[in-house]
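Beneath this line is the structure, given in structure tokens, with notes to follow.
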Amino acid sequence: MADAVLKLEGLRKAYAGADTEYEVLHGIDLRLGRGEFAALIGPSGSGKSTLLNLIGLLDRPSSGRLVIDGEETATLDDTALTRLRGERIGFVFQHHHLIPAFTAEENVAMPLLIARGRPDAAMFARAGELLDRVGLARQRRQLANRLSGGQQQRVAIARALAMSPALVLADEPTGNLDTHSADEVFALLREVNRQLGTSFLIVTHDPRLARRCDRIIELVDGVVVSDRPNNAAPPDSGPVDGS
């Protein structure tokens, strides 16, 4: 896998307690290629959230190698890590974390505003394009707290794509949605993956959704116990509407 968006080699994470050190991740080796659509599964307490925090540059590993889109992270200071995270990684969480008093358009434009320091017409044009892509063109000026749960998660997906990241990390992105909305949001993630070539690593407890990914990585007790292609992944439907 020459063109790896994500490369982990011997990644370990330990936390120091009062009298001892507790290791959560035990030498993770993992590569994710450009355009891959992978599920990360495992029981509660297996280390999935810890691993996602390390990959998302929200925490530092205790040892090992972590490369994001070709850039080594071990020697980067906090400012450089923040820059890399903002430019190359998008996040979609179970809780959408939108600003309720902002419109859908303003929420999507937020990463661009943070990067550029001041608003301009181009960033709102970009936000509008992304909202159109996720089926919410008509809701672009609607307040986030007036949108349905499924619509709010679509706004969160559009926001994650604002900086055209190489990698999107999705942590239980459908966990708060009903089955119909979950299916629509998942189909949207897949559509973005196939149309834009964005790599996705999706944490999910839902085996039904994991079976729709091209690759399934299983983490148990801080160790990757299985990493297999899912040749049976069914094709997802095309664009979804804004309902």
Side-chain angles (χ1 to χ4, degrees), residues 6 32 35-53 55-56 58 89-100 104 107-108 110-111 130-137 139 142 144-162 165 167-219 226 228-230 232-243:
L6 171 67
L32 192 70
E36 276 204 272
F37 194 79
L40 178 63
I41 65 172
S44 296
S46 61
K48 299 189 303 298
S49 294
T50 300
L51 181 57
L52 217 62
N53 284 341
I55 295 171
L58 300 171
I89 304 174
F91 296 88
V92 181
F93 301 101
Q94 179 175 350
H95 304 284
H96 45 74
H97 299 299
L98 301 181
I99 301 174
N107 272 282
V108 174
M110 188 56 62
L130 289 169
L131 287 168
D132 185 32
R133 177 175 289 277
V134 302
L136 293 178
Q139 289 84 7
Q142 195 162 335
N145 61 5
R146 298 291 183 89
L147 300 173
S148 69
Q151 288 174 334
Q152 289 177 349
Q153 197 63 314
R154 291 191 207 179
V155 174
I157 292 168
R159 180 183 58 190
L161 298 173
L167 172 64
V168 170
L169 304 176
D171 190 1
E172 297 287 356
T174 62
N176 281 340
L177 303 177
D178 59 73
T179 302
H180 176 72
S181 295
D183 284 343
E184 287 194 333
V185 165
F186 195 88
L188 176 59
L189 296 178
R190 173 55 104 180
E191 180 189 345
V192 168
N193 162 252
R194 287 177 170 158
Q195 291 187 359
L196 301 183
T198 307
S199 300
F200 279 81
L201 183 61
I202 301 172
V203 171
T204 181
H205 281 100
D206 188 341
R208 191 176 57 89
L209 295 184
R211 286 193 295 267
R212 292 165 64 182
C213 294
D214 296 330
R215 178 179 170 192
I216 301 175
I217 304 158
E218 185 174 6
L219 192 68
S226 176
R228 61 191 185 275
N230 182 24
D236 280 276
S237 58
V240 295
D241 61 28
S243 60

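- Closest non-hydrogen pair, Ala210 versus Asn230, comes out as O-ND2, 4.0 Å.
- Residues forming a side chain to side chain contact (heavy atoms under 4.5 Å, CB included) with Asp178 (at least two apart in sequence, or on another chain): His180, Ser181.
- Side-chain atoms of Glu218 do not come within 3.5 Å of backbone N or O of Gly42 as any donor-acceptor pair.
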Could you go step by step and tell me if Thr204 and Ile41 meet the side-chain contact (heavy atoms from CB on, under 4.5 Å) rule? CA-CA 6 Å; Thr204 181; Ile41 65 172; 4.3 Å; yes
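- The heavy-atom pair separating Ala104 from Leu131 by the smallest distance is C-CD1, 4.0 Å.
- Scored by the side chain to side chain contact (heavy atoms under 4.5 Å, CB included) test, Pro43 finds Ser46, Val220 as partners (sequence neighbours excluded).
- With respect to Glu191 and Arg133, no salt bridge is recorded, no charged nitrogen being found less than 4.0 Å from a carboxylate O.
- Ring centers of Phe186 and Phe37: under 6.0 Å apart, within the cut-off.
- To the nearest 0.5 angstrom, Ile55 atom CD1 is 5.0 Å from Leu6 atom CG.
- At distances below 3.5 Å, not a single donor-acceptor pair connects side-chain atoms of Asn107 with backbone N or O atoms of Leu98.
- Under the rule for a side chain to side chain contact (heavy atoms under 4.5 Å, CB included), the partners of Ala182 that lie at least two apart in sequence or sit in another chain are Thr174, Leu177.
- For Glu172, the side-chain hydrogen bond (donor to acceptor under 3.5 Å, both in side chains) partners at least two apart in sequence or on another chain are His205.
- For CZ of Arg208, the number of neighbouring non-hydrogen atoms (other residues, nucleotides, ligands) closer than 6.0 Å is greater than 12.
- Checked against side-chain hydrogen bond (donor to acceptor under 3.5 Å, both in side chains), Thr198 has no partners two or more places apart in sequence or in another chain.
- Taking the side chain as every heavy atom from C-beta outward, Arg215 and Glu36 approach each other to under 4.5 Å.
- Ser49 meets the side-chain hydrogen bond (donor to acceptor under 3.5 Å, both in side chains) test with no other residue; sequence neighbours excluded.
- Taking every heavy atom of both residues into account, Leu219 and Lys48 meet most closely at CD2-N, 3.6 Å.
- Between Ala39 and Cys213, the shortest heavy-atom distance links the atoms CB-SG, 3.6 Å.
- The minimum heavy-atom distance between Ala162 and Leu130, with the atom names listed, is CA-CD1, 3.5 Å.
- Take Phe91 and apply the ring pair (Phe, Tyr, Trp, His ring centres under 6.0 Å) test, not counting sequence neighbours, and it matches Phe93.
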Before you tell me yes or no, could you show the steps for Arg190 and Asp214 under salt bridge (charged side-chain N to carboxylate O under 4.0 Å, His left out), namely the whole-Å CA-CA distance, both residues' side-chain angles and the distance that decides it to 0.1 Å? CA-CA 10 Å; Arg190 173 55 104 180; Asp214 296 330; 2.7 Å; yes
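- When atom types are taken as modelled, the side chain of Glu184 and the backbone of Leu188 share no donor-acceptor pair closer than 3.5 angstrom.
- The shortest distance between side-chain heavy atoms of Leu52 and Leu201 falls below 4.5 Å.
- In this structure, Phe200 and Val192 have side chains that are in contact, with non-hydrogen atoms separated by less than 4.5 Å.
- Looking at residues two or more places apart in sequence or on another chain, you find a side chain to side chain contact (heavy atoms under 4.5 Å, CB included) between Pro173 and Val92, Gln153, Ala170, Leu189, Ile202.
- By the side-chain hydrogen bond (donor to acceptor under 3.5 Å, both in side chains) test, Asp206 pairs with no residue at all, sequence neighbours left out.
- Ile157 places a side-chain heavy atom less than 4.5 Å from the side chain of Val185.
- Checked by atom type and distance alone, the side chain of Ser199 pairs as donor or acceptor with a backbone atom of Gly35 at under 3.5 Å.
- Going from atom CG of Asn53 over to atom CG of Asp171 covers 8.0 Å, rounded to the nearest 0.5 Å.
- Between Arg159 and Val134, the closest side-chain pair of non-hydrogen atoms is not below 4.5 Å.
- Without hydrogens or angle criteria, Gln152 side chain to Ala144 main chain gives a donor-acceptor distance under 3.5 Å.
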